[in-house]
Number of protein chains: 4
Amino acid sequence: MSGINKVILVGHLGKDPEVRHLEGGVTVASFPLATSETFNKDGKRVEQTEWHNIVLWRGLAEVASKYLQKGKLVYIEGKLRTRSFEDKEKVKKYVTEVVAENFTMLGRKSDFEPNAPTNGNSSNINNKIEDDFSTSIDETGDLPF
Amino acid sequence: MSGINKVILVGHLGKDPEVRHLEGGVTVASFPLATSETFNKDGKRVEQTEWHNIVLWRGLAEVASKYLQKGKLVYIEGKLRTRSFEDKEKVKKYVTEVVAENFTMLGRKSDFEPNAPTNGNSSNINNKIEDDFSTSIDETGDLPF
Amino acid sequence: MSGINKVILVGHLGKDPEVRHLEGGVTVASFPLATSETFNKDGKRVEQTEWHNIVLWRGLAEVASKYLQKGKLVYIEGKLRTRSFEDKEKVKKYVTEVVAENFTMLGRKSDFEPNAPTNGNSSNINNKIEDDFSTSIDETGDLPF
Amino acid sequence: MSGINKVILVGHLGKDPEVRHLEGGVTVASFPLATSETFNKDGKRVEQTEWHNIVLWRGLAEVASKYLQKGKLVYIEGKLRTRSFEDKEKVKKYVTEVVAENFTMLGRKSDFEPNAPTNGNSSNINNKIEDDFSTSIDETGDLPF
DNA sequence: TTTT
DNA sequence: TTTT
């Protein structure tokens with residue numbers, strides 16, 4: 001009859017959410033999310049990061065744009081959706097996104113003060129202790145989307 | 001630190017699993033899986049189907065190739081992986097797949113006898129009656145789940 | 001900060017849903033759900049069944065009481081809740097329940113016609129043939145999922 | 001055929017893992033895990049905490065005892081199991097547990113240094129910034145198990 | 001108490 | 001390309 005299409009992610013935002021307002025007043029937000037996995041390969045600790053395109057609609061988009069920021073840790077629940085689009089050269093392409101159905105902020109409370117500035121190398125005492133997630137993203141910079 | 005990357009699907013196979021044997025003897029199987037969602041739009045019942053690329057490795061690939069067939073209902077648990085490849089025109093493309101970590105067959109037992117032919121409109125009486133063939137599965141006894 | 005408390009089950013109802021109407025007009029439904037696991041132990045196929053107490057509230061309770069029946073296969077998503085109560089002898093006891101947040105009917109469509117009688121060994125021909133009654137469901141059109 | 005019995009939790013340990021070694025050398029670890037949910041009730045922010053009995057076996061128990069500690073944030077995936085036992089007065093009781101199948105440590109890296117001392121009111125600089133989760137547990141002290 |  |  002019906003089916004199940006469910007995605008559960010816990011990871012860090014690669015960028016601040018990007019918010020757009022469509023005609024009709026609908027809000028959409030999106031951001032890349034990194035989920036990392038570490039495993040041993042030939043006795044060495046290897047980290048593999050997977051990047052996900054997260055899309056949020058309406059009220060969820062507005063909450064996300066208010067509370068989520070680059071580097072923050074979030075739990076996201078949603079569904080997979082593959083859509084096609086035309087790139088600049090009019091070539092048809094496909095992209096798979098995770099359409100969020102709800103999310104929960106994880107980590108320290110201080111990480112989620114609304115309206116806090118996002119300076120990558122902030123000297124904010126609360127950010128100081130965090131691991132160096134954000135800078136390493138800036139360096140590699142090769143999000144596949 | 002670490003993250004979570006989990007996908008849970010319940011849907012029907014769009015095709016029989018396609019099995020390949022890589023150099024080194026590693027088996028890979030893949031198939032498209034459809035998850036359907038029905039909702040009301042302007043008083044009308046609309047069905048929206050999402051297609052997922054499922055990939056299975058090693059032992060899981062072998063079990064899948066033995067028991068799963070076009071049309072069957074399965075529960076699949078896995079993780080998202082986006083990989084790039086070059087198409088025939090040497091254009092770099094991305095595809096997102098669900099790498100299965102385990103699966104469970106749902107539905108009637110008769111749907112899962114190994115080696116059964118896949119005729120779309122089969123009039124095989126066994127497909128209409130539940131609980132048939134259960135003994136033959138008991139006899140082979142090698143269902144690893 | 002916040003947490004995640006999520007349960008995902010696919011199993012068969014052990015009984016028809018039991019519906020109660022609380023003061024204030026709130027509807028609650030509940031039923032036992034069996035999830036079975038089979039594994040090999042000393043070369044023998046062993047089945048282990050786990051029973052879950054499922055509880056549904058309000059609209060979800062009403063839909064469940066209309067469509068779910070003893071023996072049917074369902075996907076249930078919800079959260080764990082342990083509550084205390086006093087038994088007949090005034091002894092404090094604890095019970096853990098799965099409070100359903102949504103559910104999806106799996107299996108053949110004919111399994112889910114509303115108001116069908118529940119005779120365990122029914123010889124009703126409609127239970128043997130797939131795809132029957134589909135139009136009658138289309139006509140009523142009020143399946144909210 | 002088969003079923004699905006899956007639990008996904010993100011929460012904080014209420015106590016250090018308790019490790020036991022059974023005859024035959026099997027290791028079992030267990031601890032209470034709190035998942036909190038906050039919602040608005042009559043305009044006020046209410047927090048509701050659910051406690052879960054987590055049980056881990058063998059290698060997973062050993063890893064847990066090494067890395068997990070009271071107050072730490074973890075993602076746990078497992079299955080529900082209700083078992084009966086006799087209490088001191090020989091009364092038969094039931095308890096529902098989450099048998100962990102894997103777990104992932106979340107939060108700051110410094111939270112998971114192995115062998116770190118667990119003093120509730122530690123003056124360890126890394127613990128200082130944490131929110132006051134641990135003390136509030138000590139005060140209420142009413143774990144239902 | 002279900003189902004396969 | 002599946003299924004209901």
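Treat the numbers as computed from the prediction; the structure is a model and nothing was measured. Each chain gets a letter, A, B and so on, in the order the sequences are listed, and its residues count up from 1.
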Counting only pairs under 3.5 Å, give me each side-chain donor-acceptor contact of residues 96-103 of chain C, with atom names and distances, residues two or more places apart or in other chains.
unit_1, atom_1, unit_2, atom_2, d
C/Thr96, OG1, C/Thr82, OG1, 2.8
C/Glu97, OE1, C/Arg81, NH2, 2.5
C/Glu97, OE1, C/Arg83, NE, 2.9
C/Glu97, OE2, C/Arg83, NE, 3.3
C/Glu97, OE2, C/Arg83, NH2, 2.9

Using the side-chain heavy atoms of B/His12, tell me which of these nucleotides is nearest: E/dT1, E/dT2, F/dT3. F/dT3

In this structure, how many angstroms lie between the P atom of F/dT3 and the OH atom of C/Tyr75, rounded? 22 Å

For atom CG of B/Leu68 and atom P of F/dT2, their distance in whole Å: 16 Å

How close or far is atom C1' of E/dT2 from atom CZ of C/Phe31, stated in whole angstroms? 11 Å

Approximate separation, where rounding is to 0.5 Å, of D/Lys93 NZ and D/Asp87 CG: 4.5 Å

Would you mind classifying the nucleic acid contact of C/Thr49 as base, sugar-phosphate or nothing, using non-hydrogen atoms under 4.0 angstrom? base

Would you kindly give the CG-to-P distance between B/Leu106 and E/dT2, to the nearest whole Å? 20 Å

Between A/Tyr94 and B/Val95, is the side chain to side chain contact (heavy atoms under 4.5 Å, CB included) condition met? List the steps. CA-CA 8 Å; A/Tyr94 293 91; B/Val95 63; over 6 Å; no

For B/Ala61 and B/Ala29, which heavy atoms make the closest approach, and how far apart are they? CB-N, 3.5 Å

Whole-Å gap separating P (F/dT3) and CD (B/Glu47): 11 Å

Between C1' of E/dT2 and CD of C/Glu50, the distance in whole Å: 13 Å

Once you round it to whole Å, what is the distance between C1' of E/dT2 and CD of C/Gln69? 13 Å

From CD of C/Glu18 across to P of E/dT2 the rounded distance in Å is 16 Å

Kindly point out which of E/dT1, E/dT2, F/dT3 is positioned nearest to the side chain of C/Ser36? E/dT2

Can B/Trp51 be said to stack with the base of F/dT2, given centres closer than 5.5 angstrom and planes under 30 degrees apart? no

